[in-house]
Amino acid sequence: AQSVTQLDSQVPVFEEAPVELRCNYSSSVSVYLFWYVQYPNQGLQLLLKYLSGSTLVKGINGFEAEFNKSQTSFHLRKPSVHISDTAEYFCAVTMLSGGYQKVTFGTGTKLQVIP
Amino acid sequence: KAGVTQTPRYLIKTRGQQVTLSCSPISGHRSVSWYQQTPGQGLQFLFEYFSETQRNKGNFPGRFSGRQFSNSRSEMNVSTLELGDSALYLCASSPIAGVGADTQYFGPGTRLTVL
């Protein structure tokens with residue numbers, strides 16, 4: 001069975017400071033990895049995804065993530081955060097099971113950008 | 001292309017009632033998934049429909065059911081509502097492009113409150 005662990009439920013960071021949101025997963029098969037952002041009272045929006053190829057993935061809004069197979073991690077980073085980045089971030093893992101995709105989400109990390 | 005739409009956006013029901021939520025996927029998307037999001041349990045997968053057939057199901061009681069129509073629109077039904085069913089219900093659609101990972105596109109959700 002696959003699982004996703006987001007180690008930090010809340011991350012406070014000052015504006016213009018760098019941030020890293022951690023995500024670890026476990027799976028016995030190859031996976032595809034995603035980061036989503038959810039703003040208050042809205043649905044989820046895709047930030048970036050890793051399917052294959054380069055382990056460093058760049059997404060929207062200046063975010064990037066690095067896939068580390070040996071550490072089974074997919075941490076999200078941004079070199080300089082803005083107030084508008086205040087939101088909840090979800091890591092997700094997709095694997096193929098029986099020919100169909102199965103998606104598992106982490107519990108989310110609330111990023112609080114402090115002015 | 002228009003995004004995923006969900007109706008209604010907000011709903012208030014009382015215990016014991018039933019409710020039907022609707023989701024219209026992005027044009028051309030044939031897969032629709034439903035999720036329940038609560039502060040305590042996070043994002044939990046309910047079920048996925050593809051070509052009018054349920055192909056994946058999460059660990060929810062039989063009170064939760066769904067269906068998909070030939071135009072890929074989907075409905076989710078919850079019967080005999082309980083207080084714990086209060087949640088944000090998210091619908092997500094994805095294109096099918098052979099065997100591989102499909103990005104899910106989320107709607108804004110329906111906020112269900114059970115009194």
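Labels below follow one simple rule: chain letters A, B, ... track the order of the sequence lines, proteins then strands, and each chain is numbered from 1.
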Handout entry: Tyr35(B) portion near chain A, given a 4.5 angstrom heavy-atom threshold
Key =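 Contact with chain A is through the side chain of Tyr35(B) alone.
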
Problem - Under 4.5 Å from a heavy atom of chain A, the part of Gln37(B) involved - result: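 Contact with chain A involves the side chain of Gln37(B) alone.
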
Handout entry: Distance-only side-chain donor-acceptor flag, Glu75(B) / Thr20(B), under 3.5 Å
Key =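 Absent: no donor and acceptor within the cut-off.
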
Practice task
Could you look at Leu44(A) and say if it's the side chain, the backbone, both or neither that has a heavy atom under 4.5 Å from chain B?
Solution key: both

Practice task
Could you look at Gln45(A) and say if it's the side chain, the backbone, both or neither that has a heavy atom under 4.5 Å from chain B?
Solution key: neither

Practice task
Kindly indicate, with the supporting measurements, whether the criterion side-chain contact (heavy atoms from CB on, under 4.5 Å) is fulfilled by Glu48(B) and Ser31(B).
Solution key: CA-CA 7 Å; Glu48(B) 179 192 6; Ser31(B) 173; 2.6 Å; yes

Handout entry: Distance-minimising heavy-atom pair for Val4(A) and Thr104(A)
Key = CG2-O, 3.5 Å

Practice task
Identify whether the distance between the nearest side-chain nitrogen and carboxylate oxygen of Glu20(A) and Arg22(A) falls below 4.0 Å.
Solution key: no

